[in-house]
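One structure is given here, and the rest of the page talks about it.
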Amino acid sequence: MKALFEPNSIAVVGASAEERKIGHIMFRNLIASGFKGELYPINPKASEILGHKAYPTLTAVPQPIDMAIITVPSTFVPSVMEDAGKKGIKDVIIITAGFKELGKEGAHLEKQIGEIGKKYGIRILGPNCMGIINAHHNMNATFTNIYPKAGPVAISSQSGAVCSSLLDWATKSKVGFSKFISTGNKVDIDEADLLTYLKDDEQTKVIGMYIEGANRGKAFMRSALKTSREKPIIVLKSGRTSCGSKAASSHTGALSGSDKVYDAAFRQSGIMRVNTIDEMFDLLQVFANMPLPRGDGLAIVTNAGGHGVMAADACSDYGLTLAQFSKETIDKLKANLPGEANIYNPVDVLGDATAARYEFAIKTVMEDPNVSCIAVLLSPLDTVDIGAVAHLVSSFAGQVPIPIVAAFVGGHKTSKGIDLLREANIPNYESPDKAIRALGAMVRYKKMREELNDSIILTVEGDKERVRQVLDNVLAQGRTSLSESEGKDILKAYGVSVPAEVTAKTADEAAKAAAKIGFPVVLKIDSPDIAHKSDVGGVVVGAASEEAVRNDFELMMSRVASRVPGAKLNGVTICQMVKGKEVLVGMTRDEQFGPVITFGLGGVFVEIMKDVSQRIAPLTHYNVDSMIKSIKSYTILTGARGGKMADIPSLKEALVRISQIAIDFPEISELEVNPVMVGDEGKGCYAVDALVTIRRMN
Ligand code: ACO
């Protein structure tokens with residue numbers, strides 16, 4: 001895509017002499033941005049546009065053309081694309097709207113231009129986009145005249161409105177852009193392509209993206225993972241995929257709405273997700289201008305106790321710790337600051353602090369080995385010379401080994417100081433909390449990058465033939481839901497332990513089976529038509545004698561028959577009673593990202609508690625480890641309140657085995673094991689239930 005970002009020659013098809021037209025504005029912007037290459041206006045009615053000789057068609061231009069920008073109405077776009085192909089142009093930006101966003105007809109036209117692009121090997125940006133800015137190439141190939149200064153931030157946006165806001169923000173905050181890309185409808189070039197390109201773009205230090213959805217989930221993850229190891233990617237995502245919770249029939253389905261799938265995808269590929277545009281701005285500023293911190297210890301230097309306390313409070317919210325100063329630092333601060341100053345962290349240089357006092361405190365804490373980042377806070381007290389402090393903080397720009405950010409908190413009085421900080425590329429935040437959030441994001445990114453080094457996919461071999469038999473048999477019977485025992489057969493074929501069990505058709509058979517397994521036992525209704533057995537009285541735990549088993553059998557059969565009339569009842573399964581902590585392991589399949597594995601505390605309240613984590617299969621060791629540790633009730637597994645440590649290694653293995661089933665059998669659309677009973681350390685874990693739904697594959 002080099003020719004898209006760094007073309008030597010550009011043709012604008014539809015360049016017009018009429019000032020109000022987009023084709024005119026695009027051409028004018030290219031000239032105004034100082035584009036150094038050749039420019040060709042293409043317009044059959046004009047002989048010259050803005051001092052450049054015009055040509056009737058692309059093919060009429062005698063010289064080679066690297067990139068074409070199309071600004072003619074949608075119906076003419078296919079023929080212009082054909083011309084571009086014949087001319088040998090390899091990159092095209094289509095500004096024109098009126099494609100899939102308008103419905104069926106537009107979608108058809110969009111498909112047509114995509115096919116023409118493929119036929120000629122043309123990469124297409126858009127349609128329905130604003131274009132591209134490469135500030136390092138003097139190229140404003142958009143129809144906005146907001147042209148940011150050159151710098152380290154690359155931005156892409158699916159929405160034109162967000163594009164404009166980002167550009168306007170960049171101008172105000174003096175943040176420099178390396179590339180600015182409006183992706184539009186993404187008929188060809190999408191975020192996965194852009195990330196691959198930006199990874200090796202030397203002018204880009206940090207990437208910000210606004211997306212509404214990824215077209216190619218897996219490709220997006222792969223490309224993001226490679227890129228995020230090199231530079232931070234900050235994503236603001238809105239919109240939904242079609243994999244909604246409504247259609248799901250299991251707890252797992254209800255718990256893994258599309259947005260959570262994006263959360264998992266982002267986490268696994270090292271993307272930092274933000275929820276608002278201003279959070280995106282805040283993070284871009286710090287990543288663009290500051291080095292990464294060496295650890296998580298924060299030093300706060302403030303002229304107001306209140307702001308210092310607020311910043312200290314925010315530390316734990318954003319993964320920072322208040323650095324413990326060394327004795328040397330404390331002695332030095334004590335000897336040189338007034339007796340009333342707080343010399344411990346936050347360092348309070350007092351209301352009458354001069355710039356020199358700030359300077360001394362900042363330089364002293366910066367030398368402390370326990371300090372990894374610094375927040376300089378300022379309240380606009382009458383006693384402070386805001387300009388002098390801003391000059392001082394600005395003097396650290398580009399000179400510091402650790403990040404330093406400011407929060408000059410106020411509005412009117414602080415504005416001049418803030419302007420100075422902006423000119424110097426020192427990130428300034430409107431509140432202490434936001435300053436700490438930005439520094440916390442840097443710490444998070446650094447940790448995440450280390451964790452992403454674990455990229456070895458965990459795999460296991462299962463008995464594929466056995467699973468295939470089970471699935472074929474179910475499909476042959478015209479079913480899409482498996483019975484519990486069929487589900488467990490699949491789990492067993494992949495090495496997941498299940499409790500000993502026998503399905504009994506009569507009360508006598510049930511009593512005999514229980515005696516063989518050993519008391520106490522669990523009774524569970526066996527029916528392919530019932531997903532949640534306990535909801536319909538289909539589970540009895542702890543039957544301790546043959547007589548109890550007989551009674552429970554009879555009662556359960558009649559109870560379930562009356563509660564779910566018409567359900568096919570195969571009998572009752574008599575199960576070995578296993579002990580342990582109940583967790584849930586499930587899988588749903590997302591249209592974009594594939595199998596999504598859900599883990600959480602199990603049992604019937606799982607949907608209420610919503611204490612679950614998700615990862616997209618296949619899983620790495622780090623994915624498995626982090627998905628177990630990230631649930632709120634993790635300490636229950638590690639022996640909270642005098643409990644015993646659960647067998648976490650065997651739980652990890654079960655997660656990997658279940659994820660392998662999902663990978664090997666795409667026809668399994670949902671799978672849920674609830675509960676997986678995790679025994680104490682060394683005692684293994686058992687899949688106590690299994691809910692499997694399949695779909696026909698063409
Ligand atoms: N080759 C060369 N020139 C051509 C051709 C052709 N095949 N066909 C037409 N032209 C010329 C026209 O003669 C005209 O030139 P003129 O002014 O000298 O007569 C010029 O191309 C433009 O054609 P018009 O028919 O005048 O079209 P207009 O400029 O009104 O609209 C546009 C074209 C801008 C592409 C319009 O169809 C459109 O899509 N507008 C919306 C764009 C948009 O919003 N994109 C998304 C941005 S992202 C966001 O949301 C902010």
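All of these numbers come straight from a predicted model, not from anything done at the bench. Residue indices begin at 1 and follow the sequence shown. Both counts, for ligands and for their atoms, begin at 1 and track the order of listing.
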- Query: So T59 and T57, side chain to side chain donor-acceptor pair (under 3.5 Å) or not? Walk me through it.
  - Reply: CA-CA 5 Å; T59 46; T57 60; 3.1 Å; yes
- Task: List every atom of ligand 1 that sits less than 4.0 Å from any heavy atom of M130, numbering the atoms from 1 in the order shown and giving each element.
- Result: 48 (S), 51 (C)
- Query: With a 4.0 Å cut-off, would you call E212 and K237 a salt bridge?
  - Reply: no
- Query: Which residue and non-hydrogen atom of the protein lie closest to atom 28 (P) of ligand 1, and at what distance in Å?
  - Reply: K21 CD, 4.5 Å
- Item | Over-ring placement of K53 relative to Y55, 6.0 Å and 45° cut-offs | yes
- Query: Are the aromatic ring centres of F220 and F593 under 6.0 angstrom apart?
  - Reply: no
- Please confirm whether A161 comes within less than 3.5 Å of ligand 1 when only nitrogen or oxygen atoms on both sides are compared. no
- How about M26 and I95: do any of their side-chain heavy atoms sit closer than 4.5 Å? yes
- Item | Between E110 and N185, a side-chain donor and acceptor under 3.5 Å | yes
- Message: Name the residue from I113, D188, V92, I89 that meets the side chain to side chain contact (heavy atoms under 4.5 Å, CB included) definition with I122.
- Response: V92
- Message: Could you identify the single nearest non-hydrogen protein atom to atom 45 (N) of ligand 1 and state the distance to 0.1 Å?
- Response: I95 O, 2.9 Å
- Message: Once you measure the plane-to-plane angle for W169 and F281, does it fall in the parallel (<30°), tilted (30-60°) or perpendicular (>60°) bin?
- Response: parallel
- Query: What is the closest protein heavy atom to atom 23 (O) of ligand 1, and at what distance does it sit?
  - Reply: P73 CD, 3.7 Å
- Query: Which heavy atom of the protein is the closest neighbour of atom 5 (C) of ligand 1, given with residue, atom name and distance?
  - Reply: V72 CG1, 3.4 Å
- Message: Looking only at distances, can you tell me whether any N or O atom of S74, backbone or side chain, sits closer than 3.5 Å to an N or O atom of ligand 1?
- Response: no
- Item | M587 and E670, any side-chain heavy atoms less than 4.5 Å apart | no
- Note on the structure: Heavy atoms of L195 and S223 approach each other most closely as CB-OG, 3.2 Å
- Query: Which bit of V80 gets closer than 4.0 Å to ligand 1, counting heavy atoms only: side chain, backbone, both or neither?
  - Reply: side chain
- Note on the structure: So for C129 against ligand 1, with non-hydrogen atoms under 4.0 Å, the contacting part is backbone
- Establish, yes or no, whether a centroid distance under 6.0 Å links the rings of F408 and Y429. no
- Query: Does the ring center of F27 lie less than 6.0 Å from the ring center of H52?
  - Reply: yes
- Item | atom 20 (C) of ligand 1: nearest protein contact (heavy atom, Å) | G14 O, 3.4 Å
- Query: Using a distance-only test with no angle check, is there a side-chain donor-acceptor pair under 3.5 angstrom linking K179 and Q203?
  - Reply: yes
- Item | Atoms in ligand 1 with a heavy atom of P44 nearer than 4.0 Å | 2 (C), 3 (N), 4 (C)
- Task: Just let me know how V13 lines up against ligand 1, side chain, backbone, both or neither, with a heavy-atom cut-off below 4.0 Å.
- Result: side chain
- Would you mind listing which atoms of ligand 1 come within a distance below 4.0 Å of any non-hydrogen atom of I42? 2 (C), 3 (N)
- Item | Which residue and heavy atom of the protein sit nearest atom 18 (O) of ligand 1, plus the separation | N43 ND2, 2.9 Å
- Sub-4.0 Å protein heavy atom near atom 25 (O) of ligand 1: yes
- Per-atom filter on ligand 1: closer than 4.0 angstrom to a heavy atom of I22 are 34 (C), 42 (C)
- With a 4.5 Å limit on heavy-atom distance, are the side chains of V12 and P41 in contact? no
- Task: Identify, for atom 19 (O) of ligand 1, the protein heavy atom at the shortest distance, and state residue, atom and that distance.
- Result: K45 NZ, 2.9 Å
- So is there a nitrogen or oxygen of S79 less than 3.5 Å from a nitrogen or oxygen in ligand 1? no
- Query: Shortest non-hydrogen contact from I65 to I10?
  - Reply: CG2-C, 4.4 Å
- Query: Out of T71, T183, N185, whose heavy atom is nearest to atom 35 (C) of ligand 1?
  - Reply: T71
- Query: Within the structure, does at least one protein heavy atom fall under 4.0 Å of atom 33 (C) of ligand 1?
  - Reply: yes
- Please report which non-hydrogen protein atom sits nearest to atom 49 (C) of ligand 1, along with the residue it belongs to and the distance in Å to one decimal place. G160 CA, 3.6 Å
- Under 3.5 Å between some N or O of ligand 1 and some N or O of S182? no
- Message: Yes or no, since that's all I need: does a protein heavy atom fall within a distance strictly under 4.0 Å of atom 47 (C) of ligand 1?
- Response: yes
- Task: Say whether A97, considering both its backbone and side-chain N or O atoms, lies within less than 3.5 Å of an N or O atom on ligand 1.
- Result: yes
- Message: Need the ligand 1 atom indices (1-based, order shown) with element for anything under 4.0 Å from a heavy-atom of F76.
- Response: 8 (N)
